[in-house]
Amino acid sequence: MNCSLIIITRNRFDVLISNLKHNLAEFQTIDEIIIVDSSDEDYSEKFKLDFKAENIHYHRTQIGKQIQRNYGIKHATGDIFLFLDDDIRLYKGSVNSLRTCFIKNPEIDGVTGALTEKNAPSKVKQLVEKVFSKVFFTPAFGKSGITRSGLPIIPLASQTYHDALFLRGGFSAYKSDIFNKHFFDEYFNGYAYLEDSDFSLSITKHGHYVFLPDFNGFHDHLSTLQRDHSKVRQQYVENFHYIFNKHQIGSKPLFYWTALGLLIINLMKSLTNLNLSYVKGTWRGIIQVLTKQ
């Protein structure tokens, strides 16, 4: 089975190049690599100097994770489409494990994998978020899934092989024919929180998807380095509201009950990190949703 790798990136060319070089050994069995860049600066010529391999193709598009992923899909030719964020480093054997999984299990339509996080959640944090998820249906760590409100249950590297209802947007692979019917919703722009939850909710109704622990890597998680989280926290709530309505998940009280849980969680984050932007952004998102009712 031929494999096409789609990497989206924006305004971190050095990170892209560093991780491409680090992953080169793993990429030896990749048939084509499609880089989709929405950076403010055009790195086309610079990229050609760093990489001259015939199977690596550099493209520029407008801004937007989902726009970039859809662009990559339209230009990919493989039997398997692998999506990888630019700040992920694969562990040895990951690509072969992925390909073997698809070959030996033809009924499988998609695979997500095990990421070791740079800032891995402590056991206490995992427990707290699990309790909140049980009460408010907020995100948690555990076996890949979706809460009653439509938010993700995110697997860590400690999880074993199991069926998956949530697949990470930047660390997953699919049979190419999935995209004869499904594309990434371009409503989600910018950082695009929860875009992978939306896609998971769309596709897992119509196929078989799994969590494969042997498809694994290290996530540098550079997107969390900013100090002001208000904009992305607001976007998180607004995107949650969009998904909740799009997939007809439940009643308004359920949405606002979960939004209350998100507000409490981000208040705790603000107090723990001495950074009020978490709770301010979440509150602004709730107000924004209320004003649209």
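Along the sequence shown, the residues carry numbers beginning at 1. Remember, it's a predicted structure, so these values are computed and weren't measured experimentally.
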Salt bridge flag under 4.0 Å for residues Asp220 and Lys118: yes

Name the orientation class of the two ring planes belonging to [X] and [Y] (parallel below 30°, tilted from 30 to 60°, perpendicular beyond 60°).
| X | Y | answer |
| --- | --- | --- |
| Phe81 | Phe179 | parallel |
| Phe188 | Tyr242 | perpendicular |
| Phe13 | Phe47 | perpendicular |
| Phe199 | Tyr174 | perpendicular |
| Phe83 | Phe184 | perpendicular |

Looking only at non-hydrogen atoms, find the nearest pair between Phe244 and Ser149 and report the distance. CD1-O, 3.5 Å

If every non-hydrogen atom of Asn11 is compared with every non-hydrogen atom of Asp37, which pair is closest and at what distance? N-OD1, 4.4 Å

Quick check with a 6.0 Å cut-off and a 45 degree axis cone: is Arg233 positioned over the face of Tyr193's six-membered ring? yes

pair Val279-Lys269: side-chain heavy atoms closer than 4.5 Å: no

For the residue pair Leu20 and Ile7, establish whether any side-chain heavy-atom pair is separated by less than 4.5 Å. yes

Is the distance between the ring centroids of Phe166 and Phe211 under 6.0 Å? no

Worked check of side-chain hydrogen bond (donor to acceptor under 3.5 Å, both in side chains) between Thr116 and Arg89: CA-CA 10 Å; Thr116 301; Arg89 296 189 170 192; over 6 Å; no

